[in-house]
Q: 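One structure follows; several queries about it will come next.
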2 protein chains.
Amino acid sequence: MNEQEAAALFGALSNDDRLRVIRALVRAGPDGLAAGEIAEAIGASPSRASFHLSTLSEAGFVHAERQARSLRYRVDFDRIGALMRFLLEECCAGHPDLRSCCGS
Amino acid sequence: MNEQEAAALFGALSNDDRLRVIRALVRAGPDGLAAGEIAEAIGASPSRASFHLSTLSEAGFVHAERQARSLRYRVDFDRIGALMRFLLEECCAGHPDLRSCCGS
DNA sequence: CTTTCATTTCAAGTTACGTTGAAATAATAT
DNA sequence: ATATTATTTCAACGTAACTTGAAATGAAAG
């Protein structure tokens, strides 16, 4: 991961609707949620939710799988972890002040 | 910290020039760097660096202090840590997969 | 095969962000 | 006071992101 990729991933997180999407998917657990359920969970129109989901999906934070008529989305913790690790290790050189801050 | 504030902070990190600013300030240590030194470090014009610094400053990731003719900037690890903690604890409910990912 | 349901794509308008160079401010030295 | 250095602010432009509603796609049921 380089600065440019990390910047793009931070961009995918720079929207409160999308943060709520992640939160809803985390709460939902391994089964994930269908796109329509997500739209309802964050109080957005289907097309708006779809737009945010495609942004998150392109960033790799979520993945979709078709299940009958629905597209079921799941969160990818590895991808979020990779970004946090970049910020902590590459960007901040694993500085102790940040490690302790982050509860490590 | 709520979703809206966190989203704004992620927005401040969603630019590779600004990530390089943070990196340069981390490397510089407690003494920080003058705005002009930062501009040179990231290969940007003074006005462009100033623009990015004001974005980072507004987000609270850096702080400035005048020293003679120069404005000396320092990184705020607490602020970065607060954002990481939000992502880990609030947004992802302290999920074990993410904790381990992040080296805790 | 037609209808229905779930979701995405598209086009249009609005808003926000990034870049540039010139002008303005702030502090210091002569 | 004036000049010099460091930095920011401003205006203007181009580009990217967001929102909305309507149309299009994909899958399944009757």
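Protein chains get the first letters and strands the later ones, always in sequence-line order, with residue 1 at the start of each.
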Q: Are any protein N/O atoms closer than 3.5 Å to N/O atoms in nucleotides 19-21 of chain D? If there are, list each pair with its distance.
A:
from	atom 1	to	atom 2	distance (Å)
dT19(D)	OP2	His52(A)	NE2	3.2
dT20(D)	OP2	Arg48(A)	NH1	3.1
dG21(D)	O6	Ser47(A)	OG	3.4

Q: Here's a test for you: under side chain to side chain contact (heavy atoms under 4.5 Å, CB included), which of Val21(A), Leu33(A), Leu56(A), Leu53(A) qualifies with Tyr73(A)?
A: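 When Val21(A), Leu33(A), Leu56(A), Leu53(A) are each tested with Tyr73(A), the side chain to side chain contact (heavy atoms under 4.5 Å, CB included) holds only for Leu53(A).
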Q: What I want to find out is whether Arg79(A) reaches Glu58(A) closely enough, with some N-O distance under 4.0 Å, to be called a salt bridge.
A: no
Q: dG18(C) C1' sits how many Å from Phe10(A) CZ, rounded?
A: 19 Å
Q: Under 4.0 Å between any heavy atoms, over every strand shown, what does Ser70(B) touch: base, sugar-phosphate, or nothing? Just pick one.
A: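 Answer is sugar-phosphate: Ser70(B) comes under 4.0 Å of backbone atoms only.
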Q: Can you tell me if Arg74(B) uses its side chain to pair, donor with acceptor, with the backbone of Pro30(B) under 3.5 Å?
A: yes
Q: Got Phe77(A) and Val26(A) here, is their nearest side-chain heavy-atom distance under 4.5 Å?
A: yes
Q: Measure the distance from CZ on Arg66(B) to P on dA26(C) and round it to the nearest whole Å.
A: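 Going from Arg66(B) (CZ) to dA26(C) (P), I get 9 Å.
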Q: Less than 4.5 Å apart, any side-chain heavy atom of Ile38(B) and any of His52(B)?
A: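 Contact flag for Ile38(B)/His52(B) side chains = no.
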Q: Given 3.5 Å as the limit, does a donor-acceptor pair link the side chain of Arg18(B) with the main chain of Ala12(B), or not?
A: yes
Q: Quick one: Glu58(B) CD to dT9(D) C1', roughly how many Å, whole number?
A: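 Whole-Å distance recorded here is 14 Å.
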Q: Using a 4.0 Å heavy-atom cut-off across all strands, classify Arg18(A) as base, sugar-phosphate, or nothing.
A: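 Here Arg18(A) touches the backbone only, sparing every base.
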Q: Roughly, in whole Å, what's the span from CG in Leu33(B) to C1' in dT7(D)?
A: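 After rounding, the reported distance stands at 15 Å.
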Q: Using OP1 and OP2 only, check whether a side-chain N or O of Tyr73(B) sits under 4.0 Å from dA6(D).
A: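 It does not, given that no N or O in the side chain of Tyr73(B) lies less than 4.0 Å from OP1 or OP2 of dA6(D).
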Q: Tell me, do Leu13(B) and Leu13(A) make a side-chain contact under 4.5 Å, heavy atoms counted?
A: no
Q: How close or far is atom C1' of dT8(D) from atom CG of Leu53(B), stated in whole angstroms?
A: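 Computing the Leu53(B):CG to dT8(D):C1' distance gives 11 Å.
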Q: Can you measure Leu56(A) atom CG to dC18(D) atom P for me and round it to whole angstrom units?
A: 10 Å
Q: Answer with base, sugar-phosphate or nothing: what part of the nucleic acid does Ala34(B) contact at a heavy-atom distance below 4.0 Å?
A: sugar-phosphate
Q: Restricting both atoms to N or O, compile the protein contacts to nucleotides 28-30 of chain D shorter than 3.5 Å, with distance only.
A:
from	atom 1	to	atom 2	distance (Å)
dA29(D)	O4'	Arg69(A)	NH2	3.4

Q: Answer yes or no: is there a side-chain heavy-atom contact under 4.5 Å between Phe61(B) and Leu25(B)?
A: no
Q: In whole angstroms, how far is the P atom of dC18(D) from the CD1 atom of Ile42(A)?
A: 12 Å
Q: Any sub-3.5 Å donor-acceptor pair from Ser14(B)'s side-chain atoms to Gly11(B)'s backbone N or O?
A: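 Answer holds: yes.
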